[in-house]
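In what follows, a single structure is set out as structure tokens and then discussed.
Order of appearance sets the numbers: ligands from 1, and atoms from 1 within every ligand. Note that the numbering runs from 1 along the sequence shown for the chain. As the structure is a computational prediction, the values presented were derived from the model and not from experiment. All values below were derived from every heavy atom in this structure, side-chain atoms included, with hydrogens, water molecules and symmetry-related copies excluded.
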Amino acid sequence: MKLILLGPAGAGKGTLAAYISRKCGIPSISTGDLFRETAAQDTTLARKVRDIMERGDLVPDDITVGMLEERLERGDTGRGFILDGFPRTLQQAEALSAVTDIDAVLNLVISDEAVIRRLAGRRICSKCGAVYHVDNMPPEKPGVCDKCGLRLVTRDDDKPEAIRNRLAVYTEKTKPLVSYYRERGLLVDVDAGGTPEEVFALAQKALEQC
Ligand code: AMP
């Protein structure tokens, strides 16, 4: 199964991707995670990517597409994959269609207010990247990762100004993909306002109909 998860930051793409990945035994590929790995290095490209991400802007299409294509060539994608955060522009969608077919696109539907609430409360582990939420998914000990015991931090791009910019960028650059994939008969809307379990149940139901 080759799946795309579409939706603004904070819609729960990463969480849903992890559920589907476990259930179906296919890898979840997050371009945001791949860029966070790049940004942690000490290179010119890393500095460029870091600045773009901190503002909440998009990394240029040529860099993003090259990185994704390289990732798809790894040996674990034979039975399929889940794309979390890619494509984010029409050019990326076209580039993807040139290298592989897609079975379905789950469009996670959620209001801007809910996104802002979720992102502002999101915390990640500074070492292993595990994701928590101060209200919905708190760690056992406040501010500390359950897995590695290190400090939880707010992602730079989860700060209010970057959140506003990411939502604006989503509306301008990524939302057109909803019609793009709907016209191709691949899009299924999923209400992403519920708990992770509720959203996963709706996604499973949607996938049965594909
Ligand atoms: P995410 O974790 O998916 O919210 O991604 C974090 C950041 O990585 C985004 O705000 C962008 O700066 C960058 N990024 C991730 N995926 C893409 C993509 N497909 N195209 C361009 N930039 C991306």
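For K173, no heavy-atom contact with ligand 1 is shorter than 4.0 Å. Under 4.0 Å from ligand 1, the heavy atoms of T64 that appear belong solely to its side chain. Of the heavy atoms in R166, only side-chain atoms (C-beta onward) come closer than 4.0 Å to ligand 1.
One hydrophobic cluster, built from ILVMFWY side chains closer than 4.5 Å, cannot hold both V144 and Y132; they sit in different ones.
The closest side-chain donor-acceptor pair between T154 and K159, if any, does not fall under 3.5 angstrom. Remark: the D61 side chain and the T89 side chain contain an N/O donor-acceptor pair separated by less than 3.5 Å.
Ion pairing of R47 with D42 is present here, as a side-chain N (NZ or NE/NH1/NH2) and a carboxylate O approach within less than 4.0 Å.
Protein heavy atom at the shortest distance from atom 12 (O) of ligand 1 is D57 O, 2.6 Å. The nearest heavy-atom contact from the protein to atom 14 (N) of ligand 1 is F35 CD1, 3.6 Å. The shortest contact between atom 2 (O) of ligand 1 and any protein heavy atom is with R36 NH2, 2.9 Å. Summary of contacts: the protein heavy atom closest to atom 22 (N) of ligand 1 is V59 N, 3.1 Å. Looking only at heavy atoms of the protein, atom 1 (P) of ligand 1 is closest to R88 NH2, 3.6 Å. At the top of the distance list for atom 20 (N) of ligand 1, counting protein heavy atoms only, stands Q92 NE2, 2.9 Å. Closest protein heavy atom to atom 16 (N) of ligand 1: T31 OG1, 2.8 Å. Distance from atom 8 (O) of ligand 1 to its nearest protein heavy atom, with residue and atom name: M53 CE, 3.5 Å.
For ligand 1, the atoms lying closer than 4.0 Å to a non-hydrogen atom of D157 are 6 (C). Here is the list of ligand 1 atoms found below 4.0 Å of a heavy atom in R155: 1 (P), 2 (O), 4 (O), 6 (C).
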**OP:** Go through D156 and M53 one step at a time and tell me if the side-chain contact (heavy atoms from CB on, under 4.5 Å) criterion holds.
**Re:** CA-CA 8 Å; D156 284 329; M53 290 176 81; over 6 Å; no
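Each of Q204, E198, E197 was evaluated against F200; a single residue qualifies, Q204, per the side chain to side chain contact (heavy atoms under 4.5 Å, CB included) test. Tested against F86, the residues V65, L34, I4 include a single side chain to side chain contact (heavy atoms under 4.5 Å, CB included) partner, V65.
Note that R184 lies in the cation-pi zone of Y180, set by a 6.0 Å cut-off to the ring centre and a 45° limit from the axis.
Listed here is the closest heavy atom pair of R151 and S126: O-OG, 2.9 Å.
Among G85, G32, A162, S30, the residue whose heavy atom lies nearest to atom 5 (O) of ligand 1 is G32.
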